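Here's the structure we're looking at; comments come further down.
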2 protein chains.
Amino acid sequence: MSRPGLRERKKQKTRLALIDAALDLFRAQGYEATTVDQIAAAADVSPRTFFRYFATKEDVALSLPVDGQEVMLRELADRPPEEPPFVALSHAMRAVLTELQEGDVTDVTRFLKSRELVETTPALFAGSVRRMMENERRLIDEIARREGSSPDDLLPHFVVSLFTTVARVGFESCHPQSIQDLSAFAERLEQMLSLAERSLRPGWDRGRV
Amino acid sequence: MSRPGLRERKKQKTRLALIDAALDLFRAQGYEATTVDQIAAAADVSPRTFFRYFATKEDVALSLPVDGQEVMLRELADRPPEEPPFVALSHAMRAVLTELQEGDVTDVTRFLKSRELVETTPALFAGSVRRMMENERRLIDEIARREGSSPDDLLPHFVVSLFTTVARVGFESCHPQSIQDLSAFAERLEQMLSLAERSLRPGWDRGRV
DNA sequence: TAATTTATGACAGTCTCTGACAGATGACAA
DNA sequence: TTGTCATCTGTCAGAGACTGTCATAAATTA
């Protein structure tokens, strides 16, 4: 696993510079009030280059949560097949938070920053939900594959949507307080997962009720 | 209940003209490919006037589903308090479809048109979900009021989010086929509601499990 | 009919985002 | 080291969504 070339490293640097510049400007003067020109200037690139890294202004704010969804999908694929769908999804989600916590501290900071931004900015919140739902399709496919469901079976759709909802409500409920570390997130998530577990019949996620 | 004045009638006419022009253009050449200028021209108003009726291009496409949400909220407020939350929400949703069906036929056509458009256009789908979630807050408040929950109780949030998810999955599952009438919608909705009912423990939506 | 309110059109301007082209820079082989 | 090539970047021009402003026209009211 050799170190990537200079070009690749520069690209990563530019990408992070744009993300950090954007998050700071968004926090300081609000999302709508900051222009792409300002972000580009703060990161020392031309406005055109900004759009070579991020398709939209929204993308730069949501790139971290989006990365998280990728991790989640990878983790889900690694869960043992005998695990019921909802349990597998829960563990995959926990793994995302764990992986983040074990990584670089600046990553955690960036993540929390962007998370707070998303919760307090309606436009970004909308975008976040949108991506969550685009991701839902992929989670559904993976669950359907694991369970061997037929393509028009509504159960995988139901299970994944329900799980996504539970996770979202958990995250949202963190919003009023300013969250300093990830453990508060993890705690809320467990709280919601157990509420869901208590509400649902055993075997519901495999159609055996 | 006197007939509104000429000015008010003209406004309603312009509004409907914009909606119809927009929906037709969107269907014919796609949502992104049609410009606001085209819509305004088709409805015989200036582009500036378009924005006096709809804040964004998205709004004109989603105005009908948004109207539906208003109806849903009104219906929910009319449900008897002894009804458990999930049942009350289900009945309110049924009432929306019933009210639509009993109204003008052109309204139903417009509704189905916009519904298909939303499902087939990612940008609009995202916007639709976003409004659904903005509406969620109001539904939560109403359920919390009915049940006398404390403001930081997660249960009303959970119940409403779960219901919204179920309804959404039901609507989405209609997409592949082209829906001609509302009864197909109603049928799918019932299918999903019964799946949810089977999966959940009795009393879950009042915290009595 | 006159006065007032309100809807509309016309115009100018900002911001997001895209295509096209040319110059700069890193990757790689001779 | 040098030359070639692919890729990154800046500059420019432009479309399209959306907003503020002001004058005009139409509806409402006295």
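Throughout, a chain's letter reflects where its sequence line sits, starting with A, and its residues are numbered from 1. Just the heavy atoms: all of them, side chains too, but no hydrogens, waters or symmetry mates, feed the values below. Everything numeric here is computed off the predicted structure, so don't read it as measured data.
Side-chain atoms of Arg146(A) come within 3.5 Å of backbone atoms of Pro80(A) as a donor-acceptor pair (strictly under, hydrogens ignored).
The separation between Gln12(A) atom CD and dC8(D) atom C1' is 14 Å, rounded to whole Å. Between the CG atom of Leu18(B) and the P atom of dG9(C) there is a distance of 10 Å, rounded to whole Å. What separates CG of Asp59(A) from C1' of dT16(C) is a distance of 13 Å, to the nearest Å. Rounded to whole Å, the distance from CZ on Arg7(A) to C1' on dA6(D) is 6 Å. In this structure, Arg9(B) places its CZ atom 14 Å from C1' of dA26(D), rounding to the nearest Å. Straight-line distance from the NZ atom of Lys13(A) to the P atom of dT25(C): 14 Å, rounded to whole Å. Atom CD in Glu8(A) sits roughly 16 Å away from atom C1' in dT9(D) (whole-Å rounding). Atom P of nucleotide dC15(C) and atom CD of Gln38(A) are separated by 8 Å, given to the nearest angstrom.
Annotation for Glu187(A): atom CD does not count as buried by contact number, only 12 or fewer foreign heavy atoms lying within 6.0 Å.
Sorted by residue number, the members of residues 45-58 of chain B with any non-hydrogen atom under 4.0 Å from DNA chain C read Val45(B), Ser46(B), Arg48(B), Thr49(B), Arg52(B), Tyr53(B).
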Residue pair Phe158(A), Asp205(A): steps toward the side-chain contact (heavy atoms from CB on, under 4.5 Å) verdict: CA-CA 9 Å; Phe158(A) 179 57; Asp205(A) 56 348; over 6 Å; no

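When side chains are defined from C-beta on, Phe111(B) does not count as touching Asp67(B), because their heavy atoms never get closer than 4.5 Å. With contacts defined as side-chain heavy-atom distances shorter than 4.5 Å, the pair Leu139(B)/Glu142(B) does not qualify.
In this structure, Lys113(B) forms no cation-pi arrangement with Phe26(B), as its terminal cationic atom is not both closer than 6.0 Å to the ring centre and no more than 45° off the ring axis.
Note on Lys10(A): a side-chain N or O is less than 4.0 Å away from OP1 or OP2 of dG26(C).
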